[in-house]
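Values reported hereafter were calculated over all heavy atoms of this structure, with side chains retained and with hydrogens, waters and symmetry mates removed. Everything numeric in this text was worked out from a predicted model, so none of it was measured.
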Amino acid sequence: EALEVKLLRDGNALSKAEKDIESLSQVQLENVKELQQREQQLAALEAEVKDKQAELDTARQDSQKYQELMQRAEASQEEAMRRIKEATDAQAAAQKLEAQAHQAQLDAQAQIQSAKEECEAVKRHSDERKQRFIHVQASFSKKEQAFEAQVAAAMAEVATAQQVASRA
């Protein structure tokens with residue numbers, strides 16, 4: 001009879017142990033599923049970081065192009081100023097030549113007007129480029145700050161996911 005009680009107890013203990021093992025297996029299965037989800041999230045975050053880096057590279061290239069355009073506009077403005085000076089010098093020389101004074105003066109005034117208009121057009125164009133560059137530069141700075149914040153958040157999520165993965 002004592003042997004039957006012992007066998008009954010051992011059977012109950014074995015049954016309880018099997019239930020505990022089954023419960024632990026279920027928890028482990030859930031942990032594996034969660035780990036897989038975290039790994040998928042991590043892969044998605046890494047892809048997003050790559051996309052944001054590509055956007056940042058494009059923004060940097062755009063910024064460089066705007067800087068090059070600004071340099072060209074400044075060179076054009078200097079050329080226009082040089083032409084204005086040449087036209088002014090031509091006008092002074094024309095006034096000194098009495099025989100050709102009237103015709104030379106008309107030619108010089110036409111050159112001056114043309115050069116002034118060109119200078120004003122270049123200056124307006126240059127000013128527009130400067131304003132666009134300032135706007136793009138500010139936009140770039142905002143995008144860069146937002147990107148850095150996103151990268152920091154993504155890195156924090158990656159670290160959290162790695163910690164959860166290492167615990168599992």
Side-chain angles (χ1 to χ4, degrees), residues 1-85 114-168:
E1 192 174 307
L3 183 60
E4 286 181 13
V5 169
K6 182 172 176 12
L7 284 174
L8 186 59
R9 284 185 190 154
D10 287 347
N12 287 342
L14 181 61
S15 177
K16 184 176 184 320
E18 287 174 347
K19 287 180 183 176
D20 288 346
I21 289 171
E22 188 177 315
S23 175
L24 288 172
S25 295
Q26 185 64 30
V27 168
Q28 187 177 12
L29 181 62
E30 289 173 6
N31 286 343
V32 167
K33 286 181 182 178
E34 184 177 344
L35 178 61
Q36 288 173 343
Q37 288 176 345
R38 293 293 182 162
E39 287 173 347
Q40 289 173 352
Q41 290 172 348
L42 178 62
L45 286 172
E46 287 172 347
E48 187 177 339
V49 166
K50 285 181 183 177
D51 290 344
K52 294 296 181 181
Q53 186 63 46
E55 288 177 21
L56 180 62
D57 291 342
T58 301
R60 284 185 178 144
Q61 289 173 356
D62 290 347
S63 177
Q64 184 177 2
K65 287 178 186 175
Y66 279 112
Q67 287 176 348
E68 290 171 2
L69 289 174
M70 286 295 296
Q71 289 172 349
R72 286 189 210 148
E74 288 173 4
S76 296
Q77 187 174 5
E78 288 174 8
E79 176 65 18
M81 294 301 286
R82 186 186 62 78
R83 287 184 183 179
I84 288 174
K85 185 181 180 317
S114 174
K116 282 182 181 178
E117 289 172 2
E118 184 178 342
C119 179
E120 289 172 5
V122 168
K123 187 175 184 316
R124 280 192 305 273
H125 186 67
S126 175
D127 289 344
E128 290 170 3
R129 293 276 185 188
K130 284 180 185 176
Q131 290 302 317
R132 280 192 229 141
F133 176 74
I134 289 169
H135 176 72
V136 166
Q137 195 171 29
S139 175
F140 174 76
S141 292
K142 288 178 186 175
K143 285 181 181 178
E144 189 173 44
Q145 289 172 356
F147 174 74
E148 288 173 358
Q150 287 176 347
V151 168
M155 290 303 194
E157 286 187 34
V158 167
T160 302
Q162 288 174 343
Q163 287 176 354
V164 169
S166 68
R167 287 185 203 145

How about [X] and [Y]: do any of their side-chain heavy atoms sit closer than 4.5 Å?
X: Thr58; Y: Asp62; value: yes
X: Gln41; Y: Arg38; value: yes
X: Gln26; Y: Glu30; value: yes
X: Lys16; Y: Asp20; value: yes
X: Leu14; Y: Glu18; value: yes

Restricting to non-hydrogen atoms, name the atom on Ala165 and the atom on Leu35 that form the minimum distance, rounded to 0.1 Å.
CB-CD1, 3.1 Å

Ignoring hydrogens, what is the shortest heavy-atom contact between Ala154 and Val49? Give both atom names and the distance.
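Heavy-atom minimum between the residues: CB-CG2, 3.8 Å.
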
Side chain Ser126, main chain Val122, donor-acceptor under 3.5 Å
no

Keeping the roles fixed (side chain from Ser25, backbone from Ile21), state whether a donor-acceptor pair exists under 3.5 Å.
yes

Could you tell me the separation between the [atom1] atom of [X] and the [atom2] atom of [Y], rounded to the nearest 0.5 Å?
X: Gln61; Y: Leu56; atom1: CD; atom2: CG; answer: 10.0 Å
X: Gln28; Y: Leu24; atom1: CD; atom2: CG; answer: 8.5 Å
X: Ser76; Y: Met81; atom1: OG; atom2: CE; answer: 13.5 Å

Under the side-chain hydrogen bond (donor to acceptor under 3.5 Å, both in side chains) rule, collect the residues that match up with Gln53, sequence neighbours excluded.
Asp57

Could you tell me which residues satisfy side-chain hydrogen bond (donor to acceptor under 3.5 Å, both in side chains) with Glu117, sequence neighbours excluded, listed by chain and number?
Gln113

I'd like a table of donor-acceptor pairs (distance under 3.5 Å, sequence neighbours excluded) in which one partner is a side-chain atom from residues 128-148, with atom names and distances.
| residue | atom | partner | partner atom | Å |
| --- | --- | --- | --- | --- |
| Arg129 | NE | His125 | NE2 | 3.2 |
| Ser141 | OG | Gln137 | O | 3.1 |
| Glu144 | OE2 | Arg60 | NH2 | 3.4 |

Salt bridge (Lys or Arg N to Asp or Glu O under 4.0 Å), that's the test. Do Arg83 and Glu79 meet it? Break it down for me.
CA-CA 6 Å; Arg83 287 184 183 179; Glu79 176 65 18; 3.4 Å; yes

Verify salt bridge (Lys or Arg N to Asp or Glu O under 4.0 Å) between Glu120 and Lys123, making sure each step is shown before the conclusion.
CA-CA 5 Å; Glu120 289 172 5; Lys123 187 175 184 316; over 6 Å; no

Considering only NZ, NE, NH1 and NH2 on the basic side and carboxylate oxygens on the acidic side, decide whether Lys65 and Glu68 come within less than 4.0 Å.
no

